[in-house]
Structure formats: C-alpha cells, structure tokens
Amino acid sequence: LEEKEWRLVYWLVNEQGQVALGALKQIDFRATYDRVIPTHTVPLVDGSHPIIKKAVLDPKNITPERVVSAALAKYGFKNVEVVKSSASYR
C-alpha cells in the first residue's frame with residue numbers, strides 16, 4: 001500500500017522578504033518548549049466526499065482502534081475503517 005501525501009506551502013512574506021502582517025492575522029499558532037510555530041487550518045471536510053477511507057495503525061500503537069475512530073468522527077471524518085497493521089518492521 002503506497003502512501004499518498006500532500007504538502008501545502010503558505011507564504012507569509014511579501015515581495016521585499018518581510019513578514020506580511022496582514023497574513024499573520026489569518027494564522028494560528030502553537031507553542032513548543034522553545035518556540036512558537038505558525039499554523040494554518042485548511043478545511044478539507046465538505047461532506048460530499050470521504051477524504052479518509054481507512055486508517056492503518058502502527059503494529060506497536062497502543063491507542064485502541066475505537067478511540068482513533070471516535071477522534072476521527074469528532075473532527076468530521078465518519079465511517080473511516082480503522083485497523084492495526086499486521087506488517088512487522090524489517
């Protein structure tokens with residue numbers, strides 16, 4: 001099973017290379033122990049197409065599948081099949 005991944009880039013600088021203050025108003029932030037990291041929420045759930053059909057958990061994952069299913073459903077990802085992988089690490 002091949003992973004399919006998207007990466008989005010959101011520019012916060014203007015043509016002069018300076019942080020665009022107007023753009024910062026649209027940004028959220030989260031803190032770690034040594035820095036503040038800008039984040040931007042991209043709405044992906046519109047209800048017309050299932051974005052996530054199946055979630056395969058690491059064989060050593062200790063979170064129960066039902067908890068992962070509940071977390072996905074809380075954020076709008078309903079009817080996602082959640083399974084633990086049977087594949088082992090090499």
Side-chain angles (χ1 to χ4, degrees):
L1 187 62
E2 185 177 333
E3 290 185 29
K4 296 180 181 176
E5 181 178 296
W6 284 38
R7 295 194 183 218
L8 304 176
V9 177
Y10 192 82
W11 294 105
L12 294 175
V13 295
N14 60 22
E15 294 81 20
Q16 292 78 35
Q18 300 167 331
V19 174
L21 296 179
L24 286 177
K25 293 179 183 176
Q26 302 171 19
I27 299 297
D28 293 319
F29 298 91
R30 68 179 179 87
T32 65
Y33 70 95
D34 67 346
R35 69 192 71 202
V36 175
I37 300 170
T39 64
H40 184 67
T41 301
V42 178
L44 297 176
V45 179
D46 67 0
S48 63
H49 297 78
I51 292 175
I52 301 173
K53 295 179 182 178
K54 184 176 185 179
V56 180
L57 306 179
D58 183 285
K60 294 182 180 181
N61 179 20
I62 62 171
T63 305
E65 288 94 337
R66 62 183 165 73
V67 173
V68 174
S69 293
L72 288 165
K74 178 178 180 171
Y75 293 102
F77 301 101
K78 301 191 185 313
N79 301 317
V80 177
E81 180 184 2
V82 179
V83 297
K84 188 170 279 195
S85 175
S86 60
S88 61
Y89 294 114
R90 294 181 198 212

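- Around the CG atom of Asp28, the shell of radius 6.0 Å holds more than 12 heavy atoms that belong to other residues, nucleotides or ligands.
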Name each donor-acceptor pair under 3.5 Å that joins a side chain in residues 64-72 to protein atoms two or more places apart or in another chain, with its distance.
from: Ser69; atom 1: OG; to: Glu65; atom 2: O; distance (Å): 3.2

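- Scanning both residues, Phe77 and Ile52, for their nearest heavy atoms gives CD2-CD1, 3.8 Å.
- The 12-atom threshold is exceeded at CD1 of Ile37, counting heavy atoms of other residues, nucleotides or ligands nearer than 6.0 Å.
- Across all their heavy atoms, Thr39 and Phe29 have their closest contact at OG1-N, 3.9 Å.
- The backbone N or O of Leu57 sits nowhere less than 3.5 Å from a side-chain atom of Lys84 that would complete a donor-acceptor pair.
- The side-chain hydrogen bond (donor to acceptor under 3.5 Å, both in side chains) search around Thr32 returns Asp34, not counting sequence neighbours.
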